[in-house]
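Working notes, structure below.
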Amino acid sequence: MLDINFIRNNPDKIKQAIANKHENAASIDEILELDVQRRSTIYACEQLKSKRNERSKAVNELKKKGQDASGIIEETKKIGDEIKSSEEKLKGLESQMNNLLLRIPNVPSADTPVGKDEKDNVVVKTWGNRKVFDFTPLPHWELGRILDILDLERSSKISGSGFILLKGLGAKLERALFSFMLDLHTREHGYTELFPPFLVNRTAMTGTGQLPKLEEDMYRTTVDDLFLVPTAEVPVTNIHRDEIFSYKDLPVYYTAYTPCFRREAGSYGKDTRGIIRVHQFNKVELVKLVRPETSYHELELLVGNAEKVLQLLGLEYRIVKLCTGDMSFAAAKCYDIEVWSPGLDKFLEVSSCSNFEDFQSRRINVRFRDEDGKIGFVHTLNGSGLALPRTVIALLETYQQKDGSIVIPDVLYPYMSGIKVIDKKEFK
RNA sequence: GGAGAGGUGGCUGAGUGGCUUAAAGCGACGGUUUGCUAAACCGUUGUAGGGACUAAAUCCCUACCCCGGGUUCGAAUCCCGGCCUCUCCGCCA
């Protein structure tokens, strides 16, 4: 959520930013109009309350002296009625304004390229060499079928399409990967590991910005109005809601593994083969709460932490700076990390690392007190470190051999009980 | 799920309708004293919104004792609803 004072002082800047994100800017003028009404109503209402407080004291004085106060009481009753109607009016104005404010996207950072869609993103880095095969590399779903580690026919039997059933060493590889990632981020990168709830309430979902805009993309339990987490960002960022940090306690680095649940409404027919786009997947998330002046530096560090996973796994990737049109609702700046898939012959997004500045912290009311005792909103950041299915795709496809077996990268040996190759018994 | 108890400032904890501007203590911060530390003593101590002006400082007002309603001239206090915590019982991995 943007600061109403900021909107009041920079309406044109914000309208431009919204246009660059391809969202509807019409509500800015409406918000400003509501704000004027709101403030004059507050003023009127507080004048009345002040008057009432004065009268009540006078009643008490008279009663103490044993005098009759019925005149003042009658008069003050009327003030009470006026206050009530004034408060109702104010409540209406505030909820209208708030509803509009919650739907205003964040303003992109100054160095974010202005653009329409993913074609206008800018590649800022590439890492690793293109793997050369002396045979035609298979896509992961073929490898998964041959090795009997991925069974999409049976997962659709129990859940439907877009759900993954891993078997044998495929299941073990999944567990190995997120354990490896968590250990890397906690041991080498200074993150504290969390294991949060997978169901969260509506307030948490609104705090990080998934609601109200993306409700149709979330799985919701109707009886209790709880949502299955679409990313660990939601529970983790919301942990410190309504808290004030001491400057001594910042920055805060959290990492968490969770499954992620997404209905992917509106993306039917896209990436339907294999496990490129699924309704449930595993992910290790990185979340930071930092001082505002450090947040852009922290974003670079966070991207580096996520990259490290791919470097250690020896997988080719590139980093893309997203343009205004391709960026998410809440982000001010965003890098995507894309891993190379030899079987699909394209890059796949495995991480999206964003600085939200104070957009989320305003919604969830997370602040800090600096050395001078001044209070301000923290900046929040997050990024995947990494999302599992596409990492698995790249790993299987990159390390496949002619007979379909998979060579495990050595950093994973300890997590695979020393197993170095996934192969089908028939190949032995 | 049943029965009971509770939710007050950074923390502990008083407070049964106006003498509360929320007591007291602890902590934190500042000062005095001190070779240093400690102790003692003195002082300070929340958040948000609105206004005085354009900004900062300052001042004034309003709100906030879990949340939302209600009663009342007046609510931390009384009433109703909700959420959460604790204890016991039941059920359960």
Side-chain angles (χ1 to χ4, degrees), chain A residues 1-11 13 31-102 195-207 221-227 235 238-250 252 289 358 360-378:
Chain A
M1 162 151 42
L2 296 176
D3 182 6
I4 180 63
N5 292 305
F6 182 69
I7 296 177
R8 210 182 287 142
N9 297 329
N10 307 278
K13 187 180 169 185
I31 287 171
L32 290 172
E33 172 55 32
L34 284 166
D35 181 49
V36 170
Q37 288 184 47
R38 177 186 137 260
R39 280 186 297 161
S40 73
T41 308
I42 287 172
Y43 186 77
C45 187
E46 290 187 351
Q47 291 289 311
L48 289 168
K49 283 181 178 172
S50 180
K51 206 164 162 189
R52 182 182 64 184
N53 290 344
E54 214 172 274
R55 298 294 162 89
S56 293
K57 268 180 203 154
V59 169
N60 190 31
E61 293 300 316
L62 286 174
K63 285 202 167 176
K64 270 199 292 193
K65 288 183 205 151
Q67 294 173 2
D68 174 50
S70 55
I72 299 186
I73 288 176
E74 277 309 307
E75 199 185 331
T76 312
K77 264 186 194 167
K78 284 183 200 135
I79 297 177
D81 293 341
E82 285 176 58
I83 290 173
K84 201 166 280 181
S85 71
S86 175
E87 275 179 338
E88 261 162 43
K89 183 180 168 195
L90 181 62
K91 216 179 268 179
L93 289 168
E94 282 181 338
S95 82
Q96 269 185 66
M97 200 172 99
N98 215 24
N99 285 340
L100 293 172
L101 274 175
L102 283 174
F195 202 94
F198 300 163
L199 283 165
V200 296
N201 59 33
R202 188 170 282 276
T203 315
M205 290 288 276
T206 306
T221 68
T222 51
V223 181
D224 301 299
D225 203 31
L226 292 172
F227 295 82
N238 274 282
I239 289 172
H240 295 289
R241 184 164 58 211
D242 294 324
E243 292 183 22
I244 301 177
F245 282 95
S246 162
Y247 68 92
K248 293 176 203 146
D249 298 325
L250 294 178
V252 173
L289 307 176
D358 60 6
Q360 290 181 328
S361 59
R362 275 179 201 288
R363 289 177 169 230
I364 58 183
N365 194 27
V366 178
R367 292 170 294 169
F368 77 104
R369 197 185 302 273
D370 70 13
E371 293 84 341
D372 302 324
K374 286 216 180 82
I375 288 178
F377 288 99
V378 302

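We name chains A, B, ... by the order of the sequence lines, and we start the count at 1 in each one.
Whole-Å rounding puts the A:Asn53 CG to B:rG18 P distance at 15 Å. The CG-P distance, from A:Asn60 to B:rC19, rounds to 7 Å in whole Å. Protein atom NZ of A:Lys65 is 15 Å distant from nucleotide atom C1' of B:rC19, rounded to whole Å. For the pair A:Glu94 CD and B:rG68 C1', the interatomic distance rounds to 15 Å; values are reported in whole Å. A straight line from CD of A:Glu243 to C1' of B:rG10 spans 12 Å, rounded to a whole angstrom. With rounding to whole Å, A:Lys49 atom NZ is found 18 Å from B:rC73 atom P. As a whole-Å value, the separation of A:Ile4 CD1 from B:rG50 P is 9 Å. For the pair A:Asp81 CG and B:rC73 P, the computed distance is 10 Å after rounding to whole Å.
Contact between A:Ile7 and A:Leu101 at its shortest, heavy atoms only, is CD1-CD2, 3.4 Å. The shortest non-hydrogen separation linking A:Phe245 to A:Leu250 is CG-CD2, 3.9 Å. Across all their heavy atoms, A:Leu102 and A:Met1 have their closest contact at CD2-CE, 4.1 Å.
Comparing B:rG50, B:rA48, B:rU62 against the side chain of A:Arg367 picks out B:rA48 as the nearest. Looking at the side chain of A:Val59, the nearest of the listed nucleotides B:rG18, B:rA63, B:rG51 is B:rG18. Counting only heavy atoms from C-beta on, A:Ser50 has its side chain closest to B:rC61 among B:rC61, B:rG49, B:rC73. Side-chain proximity of A:Ser56 to the nucleotides B:rG69, B:rG46, B:rG18 is greatest for B:rG18. Checking B:rG50, B:rC61, B:rU47 against the side-chain heavy atoms of A:Arg39 singles out B:rG50 as nearest.
Across all strands shown, B:rA63 pairs with B:rU47; the Watson-Crick or G-U wobble distances both stay below 3.5 Å. Nucleotide B:rC11: paired with B:rG25 (Watson-Crick or G-U wobble, both distances less than 3.5 Å). Summarising the base pairing, B:rA57 is matched to no nucleotide, lacking a Watson-Crick or G-U wobble pair whose two defining distances lie under 3.5 Å. Checking B:rG30 for Watson-Crick or G-U wobble geometry (two distances, each under 3.5 Å) identifies B:rC42 as its partner. Remark: B:rC92 base-pairs with no nucleotide in the shown strands. Criterion, Watson-Crick or G-U wobble with two distances under 3.5 Å. Under the Watson-Crick or G-U wobble criterion, with both distances below 3.5 Å, B:rC84 is paired with B:rG6.
For B:rA55 and B:rG50, the P atoms lie 12 Å apart once the distance is rounded to whole Å. Comparing B:rU72 with B:rU16, their C1' atoms are spaced 16 Å from each other, to the whole Å. Only the C1' atoms considered, B:rC65 is 11 Å distant from B:rA75, to the nearest whole Å. B:rG18 sits 11 Å from B:rC78 when the P atoms are compared, rounded to a whole Å. The separation of B:rC60 from B:rG6, taken at their P atoms, amounts to 39 Å, rounded to a whole angstrom. The P atoms of B:rG30 and B:rG9 are separated by 25 Å, rounded to the nearest whole Å. With both ends at atom P, the span from B:rA22 to B:rC61 equals 14 Å, rounded to whole Å. Using atom P as the reference point in both B:rG90 and B:rG2, the two lie 15 Å apart (nearest Å).
Within the 4.0 Å cut-off from OP1 or OP2 of B:rG46, not a single side-chain nitrogen or oxygen of A:Arg369 is found. When the side-chain nitrogen and oxygen atoms of A:Lys84 are compared with OP1 and OP2 of B:rU71, one or more of them lie within a distance under 4.0 Å.
Remark: the backbone N or O of A:Phe377 is not paired with any side-chain donor or acceptor of A:Asp358 at under 3.5 angstrom.
In this structure, CD in A:Glu33 is found 10.5 Å from CD in A:Gln96, a value given to the nearest 0.5 Å. The distance from atom OG1 of A:Thr206 to atom CG of A:Asn238, rounded to the nearest 0.5 Å, is 9.0 Å.
Counting non-hydrogen atoms under 4.0 angstrom, A:Lys91 reaches the backbone sugars and phosphates but no base. A:Ile72 comes within 4.0 angstrom of no nucleic acid atom, judged by non-hydrogen atoms across all strands. Across all strands shown, A:Ile375 has heavy atoms under 4.0 Å from sugar-phosphate atoms exclusively, and none from any base. The residue A:Lys63 sits close to a base: some heavy atom pair falls under 4.0 Å.
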Chi angles and distances behind the side chain to side chain contact (heavy atoms under 4.5 Å, CB included) call for A:Glu61, A:Lys64:
CA-CA 5 Å; A:Glu61 293 300 316; A:Lys64 270 199 292 193; 4.0 Å; yes

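Checking A:Lys374 against A:Thr76, the closest nucleotide of RNA chain B that is more toward the 5' end is the one next to A:Lys374. In terms of position along RNA chain B, the nucleotide closest to A:Arg38 lies nearer the 5' end than the nucleotide closest to the other residue of the pair A:Arg38 and A:Lys77.
Taking only distance into account, the side chain of A:Glu46 meets the base of B:rG49 through a donor-acceptor pair shorter than 3.5 Å.
Counting heavy atoms from C-beta outward, A:Val378 and A:Arg367 have side chains that stay 4.5 Å or more apart.
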